[in-house]
Amino acid sequence: MEARLPRGLADRDAAELAATAKMLDVIRSVFELYGFEALETPAIEYTDALGKFLPDQDRPNEGVFSFQDEDEQWLSLRYDLTAPLARFVAQNFDRLPKPYRSYRCGHVYRNEKAGPGRFRQFMQFDADTVGSASPAADAEICMMAADALERLGIQRGDYVIKINSRKLLDGVMKAIGLDGDDNAGRRLTVLRAIDKMDRLGPEGVKLLLGPGRKDESGDFTKGAELEADAIATIMSFSLGGQYTGGEPRFGLFDLLGRSNVGAEGAEELLEIEDLVRFCGYGADRIRIDPSVVRGLEYYTGPVFEADLAFATRDEKGNPVRFGSVGGGGRYDGLIGRFRAENTPATGFSIGVSRLYAALKLVGSPIVEAGGRTGPVVVLALDRDHIADYQRLAAALRAAGIPSELYLGASGMKAQMKYADRRNSPVVVIQGSNERAKGEVQIKDLIEGARASAAIATNEEWKALRPAQFAVPEGELAEKVQELLSRHASGAGAERSGA
RNA sequence: GCCGCCAUAGCUCAGUUGGUUAGAGCACCAGAUUGUGGAUCUGGGGGUCCCCCGUUCGAGCCGGGGUGGCGGUACCA
């Protein structure tokens, strides 16, 4: 049988786990700084709680991983952290403080085609305010998202939080006569087309709004078949609406009419913008972008999207499109599905896995391994004295130094290579000579590697035994500790100097 | 799902008009060295040439079908 992994899934090694843990710590600290508290919900929910049944069928949507319980009820792996939160809030409504501010982190699952930066299991870090309809809640969420990205080491200008409003989009649909139930299908097509502005550009979007578009492989996508002036209206809205602070606000009110739901959405957006500007967040960080659409189902008002502005390339130098590294919005109807009374809510999720992949690809220091060290390795030279070696390792551990006895069956050279590969800072050597004298050899692998640069021949290398010294057995832990702290402060000095 | 490209060692790839025992670099293992990482040198292990069927005296190479991978597109709630 071949050992293999389904597409869109990945194993994570020590370096990646360490880098991810660092990212999570940063995000958590920012979210807590804004007064959000931790909550965990399970990875599995009833499918109906996620709202993911196929229309007019009693089977779950194909995009979600689903299976049936013993009682034949459908269960699904969560596909985001928002729907489970809504379930939790509805279930515990009476005992939660309102507004309820919480954050959660975990893997979510989507049964979709995988690609670079697109996984079938990935991690999200999510924060939500439940029970506030105020645009202040939305503004705060956006500022927090910007703070989190910057604290992760993404330079200002290298990311942007784009905001738009579902109400605004609805208003535009109405303005071009696409309101009403009859036009639901075409509205969807139009919104999806607008959403592709980033990827396909204005020309591609125009084709999708009109006759349709043929892609690079020759495949044809049917368009919305709108009239030319309707297309022009949408395009001027989606493109012309992008502006930076201080410019005249887009002439939407004329288009929408004051009483339109679209005008209401615009008012809310502008209020959010005023709030973030007042707090010192400029258009380089948070800006209105009417081409943002995002999820089509549960968002009811403002929607947010975090995009990286820098270009990324894969190992072969091909440009890679990562899409958004976070997103969110207001979902005022989601909790009401479980309760008689409706509850407004807004939130934002950081796509940790995708962000990690993007940062890794551009070699960002946040996710580089940098200075990761393995355990001290006690070499096992003499098979009859394993207990002695085990005791040496135990002495090191007692002093709080991560240590291990080499447990393989190979010779000394292989053991040295093993230590090298484990990133060990130090190996401990005790052969019969040392044991007779009650000593151990401490070999400093970091200093040794440095010294090896100047050594040309193996004879010289072996004869010199660089960075190696003998100490009495009783002083082992103490001397190793000294050596480790010397390296730690050295590395620290290098870092602060750089 | 639809469209396109691709499939030879762990990885990256050569492989002549269809011809005998399928190669290289890197990686891995060992030796040179009774007990010392790196570099160098020498040697070694490792292949269902993705699978099946067909054409042929003969297929890694040609044809058909399948599977898998990559990319585009759709979907992404």
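Numbers restart at 1 for each chain; the letters A, B, ... are given by sequence-line order, proteins then strands.
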Sticking with atom [atom1], work out how far [N] lies from [M], rounded to a whole angstrom.
{"N": "B:rC13", "M": "B:rA7", "atom1": "P", "result": "10 Å"}
{"N": "B:rG45", "M": "B:rA22", "atom1": "P", "result": "14 Å"}
{"N": "B:rG68", "M": "B:rA30", "atom1": "C1'", "result": "36 Å"}
{"N": "B:rC50", "M": "B:rG60", "atom1": "C1'", "result": "12 Å"}
{"N": "B:rU8", "M": "B:rA14", "atom1": "P", "result": "10 Å"}
{"N": "B:rC3", "M": "B:rU21", "atom1": "C1'", "result": "43 Å"}
{"N": "B:rG72", "M": "B:rU56", "atom1": "C1'", "result": "39 Å"}

Need one value for [X]: base, sugar-phosphate or nothing, where a base atom within 4.0 Å counts as base even if backbone is also close, heavy atoms only.
{"X": "A:Gln415", "value": "nothing"}
{"X": "A:Asp382", "value": "nothing"}
{"X": "A:Lys113", "value": "base"}
{"X": "A:Lys222", "value": "nothing"}
{"X": "A:Leu445", "value": "base"}
{"X": "A:Asn433", "value": "base"}
{"X": "A:Leu379", "value": "nothing"}

Specify the separation, in whole Å, of atom [atom1] of [X] and atom [atom2] of [N].
{"X": "A:Met416", "N": "B:rA30", "atom1": "CE", "atom2": "C1'", "answer": "18 Å"}
{"X": "A:Arg199", "N": "B:rC75", "atom1": "CZ", "atom2": "C1'", "answer": "11 Å"}
{"X": "A:Asp80", "N": "B:rC76", "atom1": "CG", "atom2": "P", "answer": "14 Å"}
{"X": "A:Met412", "N": "B:rG37", "atom1": "CE", "atom2": "P", "answer": "8 Å"}
{"X": "A:Leu77", "N": "B:rA77", "atom1": "CG", "atom2": "P", "answer": "17 Å"}

Strictly below 4.0 Å: does [X] bring a side-chain N or O up to OP1 or OP2 of [N]?
{"X": "A:Arg421", "N": "B:rC28", "answer": "yes"}
{"X": "A:Lys214", "N": "B:rA74", "answer": "no"}
{"X": "A:Arg294", "N": "B:rA77", "answer": "no"}

Looking at the side chain of [X], which of [options] is the nearest nucleotide?
{"X": "A:Asp219", "options": "B:rA32, B:rG1, B:rA77", "value": "B:rG1"}
{"X": "A:Arg118", "options": "B:rG37, B:rC29, B:rC75", "value": "B:rC75"}
{"X": "A:Lys52", "options": "B:rA30, B:rA77, B:rA74", "value": "B:rA77"}
{"X": "A:Lys417", "options": "B:rC29, B:rG72, B:rA74", "value": "B:rC29"}
{"X": "A:Ala414", "options": "B:rU36, B:rC76, B:rA30", "value": "B:rA30"}
{"X": "A:Asp420", "options": "B:rC76, B:rU36, B:rG38", "value": "B:rG38"}
{"X": "A:Arg192", "options": "B:rC76, B:rG35, B:rU73", "value": "B:rC76"}
{"X": "A:Glu112", "options": "B:rA74, B:rG35, B:rC76", "value": "B:rC76"}

Paired stretches of RNA chain B - 3 or more consecutive Watson-Crick or G-U pairs, each distance under 3.5 Å: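 For RNA chain B the paired stretches long enough to count as stems (3 pairs minimum) are B:1-7 with B:67-73, B:10-13 with B:23-26, B:28-32 with B:40-44, B:50-54 with B:62-66.
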State, without any angle test, whether [X] and [Y] hold a side-chain donor-acceptor pair at a distance under 3.5 Å.
{"X": "A:Arg104", "Y": "A:Ser102", "answer": "yes"}
{"X": "A:Tyr79", "Y": "A:Asn111", "answer": "no"}
{"X": "A:Tyr298", "Y": "A:Asp80", "answer": "yes"}
{"X": "A:Gln430", "Y": "A:Glu439", "answer": "no"}
{"X": "A:Asn423", "Y": "A:Thr373", "answer": "no"}
{"X": "A:Ser238", "Y": "A:Ser291", "answer": "no"}

If you compare all heavy atoms of A:Ala127 against all heavy atoms of A:Met144, which two are closest, and at what distance to 0.1 Å? CB-CE, 3.5 Å
Going by centres under 5.5 angstrom and planes under 30 degrees, do the aromatic ring of A:Tyr79 and the base ring of B:rA77 stack?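 Stacking between A:Tyr79 and B:rA77: present.
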Nearest-nucleotide wise, let me know which of A:Val64 and A:Glu447 is further upstream toward the 5' end of RNA chain B.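 Taking each residue's closest nucleotide, the earlier one in sequence belongs to A:Glu447.
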When the nearest nucleotide of RNA chain B is assigned to A:Ile446 and to A:Thr189 on a heavy-atom basis, which residue is associated with the more 5' position? A:Ile446
Would A:Arg294 count as a cation-pi partner of A:Phe304, with NZ or CZ less than 6.0 Å from the six-membered ring centre and within 45° of the ring normal?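 Output no; distance or angle outside limits.
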Measure distances between side-chain N and O atoms of A:Glu434 and base N and O atoms of B:rG35, and say whether any donor-acceptor pair falls under 3.5 Å. yes
With a sphere of 6.0 Å drawn around CD of A:Gln481, does it hold more than 12 non-hydrogen atoms of other residues, nucleotides or ligands? yes
For the pair A:Tyr109 and A:Phe65, name the ring-plane relationship: parallel under 30°, tilted 30 to 60°, perpendicular over 60°.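 It falls in the perpendicular class, over 60°.
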